[in-house]
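Per chain, numbering begins at 1; letters A, B, ... match sequence-line order.
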Amino acid sequence: MRHQPLPIEFYLQPTQLLAKQLLGCLLVKETDEGIASGYIVETEAYMGAEDRAAHSFGNRRTKRTEIMFSTAGHVYTFTMHTHTLVNVVSGPINTPEAILIRALEPCDGIDLIAARRGKKKPVEWTNGPGKLTAALEITQSDYGRCFFEPPLYIAQGFHPKDIASGPRIGIENTGEARFYPWRHWVADNPYVSKSR
DNA sequence: ATCTGGATTGACT
DNA sequence: GTCAATCCAGATG
């Protein structure tokens, strides 16, 4: 099954809106082993210089955050402990905003995903930001790519019936920012990550 | 050169 | 519920 990447224009919308528009879209990764993909069911927006929870808070510009200052649609990956997390860069150039992809519902390459994620319940394959990167084999080598061209891209998926929003996860030490309702998910979808 | 801590996960009490 | 794994970016000297 092949998919058509969404055009670069898709990414040219305000970050919070894009974070919701991404819900239901298909995240695809092609490797030598084949194609694996999943529908995005949970995202979190990080709002650049003004957002204490963002790596780019105060326009902090480093080797890691550099890609956030680039144009919308770039791939921002970073390592969290033993896991890779993946973001969609958004906002105009020099406005370092990004959207973290937190959960997927598996679509293509179920056997591949199962093999990569080991013997566990299917719902555990992709219901977390570090899990889905392992399932699709998204790594630091994808840093700086564009989401509108293979091997890592986003395509049209389904249109969510209901979208819910609430505080982001895992950012306890960021003052007021921890309360901002910038996490968005497909209501009632079983693959949405569980909060702690 | 060295130290610190994290946008997580999985195993264990 | 708690906690270790395990590694690198970022900060500091």
Without swapping roles, check the side chain of A/E42 against the backbone of A/I101 for a donor-acceptor pair under 3.5 Å. no
Rounded to whole Å, how long is the line connecting atom CD of A/E42 with atom C1' of B/dT8? 13 Å
To the nearest angstrom, the CD-P distance between A/E172 and B/dG5 comes to 17 Å
Check: A/M47 and A/T15 side chains under 4.5 Å, non-hydrogen atoms: yes
Of the candidates C/dT6, C/dA11, B/dT8, the side chain of A/R60 sits closest to C/dA11
Same-atom distance (C1') from B/dG5 to C/dC3, integer angstrom: 16 Å
May I have the distance from A/H83 (atom NE2) to B/dT8 (atom C1'), rounded to whole angstrom? 5 Å
DNA chain C contacts made by residues 112-126 of chain A, counting heavy atoms under 4.0 Å: none
Pairs counted only when both distances fall under 3.5 Å, Watson-Crick or G-U: show me the 5' to 3' dot-bracket for DNA chain B, [ ] for pseudoknotted crossings and | for other-strand partners. ||||||.|||||.
Rounded off to whole Å, could you give me the CD-to-P distance for the A/E66 and C/dG10 pair? 10 Å
In this structure, how many angstroms lie between the C1' atom of C/dA5 and the NE2 atom of A/H81, rounded? 9 Å
Would the number of heavy atoms belonging to other residues, nucleotides or ligands and lying under 6.0 Å from CD of A/E50 be above 12? no
Side chain of A/H55, base of B/dA7: donor and acceptor closer than 3.5 Å? yes
Taking only the side-chain heavy atoms of A/R64 (C-beta and beyond), determine which of C/dT6, B/dA7, C/dG10 contains the nearest atom. C/dG10
Between A/E97 (CD) and B/dA7 (P), how many Å, whole number? 18 Å
Quick one: A/I67 CD1 to C/dA9 C1', roughly how many Å, whole number? 16 Å
Relative to A/Y180, does A/R168 satisfy both conditions: NZ or CZ under 6.0 angstrom from the six-membered ring centre, and within 45 degrees of the ring's axis? no
A/K131 vs A/Y76, nearer the 5' end of DNA chain B by closest nucleotide: A/Y76
With a 4.0 Å cut-off on N to O distance, would you call A/K29 and A/E137 a salt bridge? no
Test side chain to side chain donor-acceptor pair (under 3.5 Å) applied to A/Y11 - qualifying residues, sequence neighbours left out: none
Whole Å only: how far is the CG atom of A/L132 from the P atom of B/dT8? 12 Å
Is the phosphate of B/dG6 approached by A/N173 (side-chain N or O, under 4.0 Å from OP1 or OP2)? yes
Do we get A/R145 above A/Y76's six-membered ring, with its NZ or CZ under 6.0 Å from the centre and within 45° of the axis? no
In plain terms, say whether A/R117 and A/E124 are close enough for a salt bridge, that is, a side-chain N and a carboxylate O under 4.0 Å apart. no
State whether A/R183 places a side-chain N or O below 4.0 Å from either non-bridging phosphate oxygen (OP1 or OP2) of B/dA7. no
Check for me: is A/Y46 stacked on B/dA7 by the 5.5 Å centroid and 30° plane-angle rule? yes
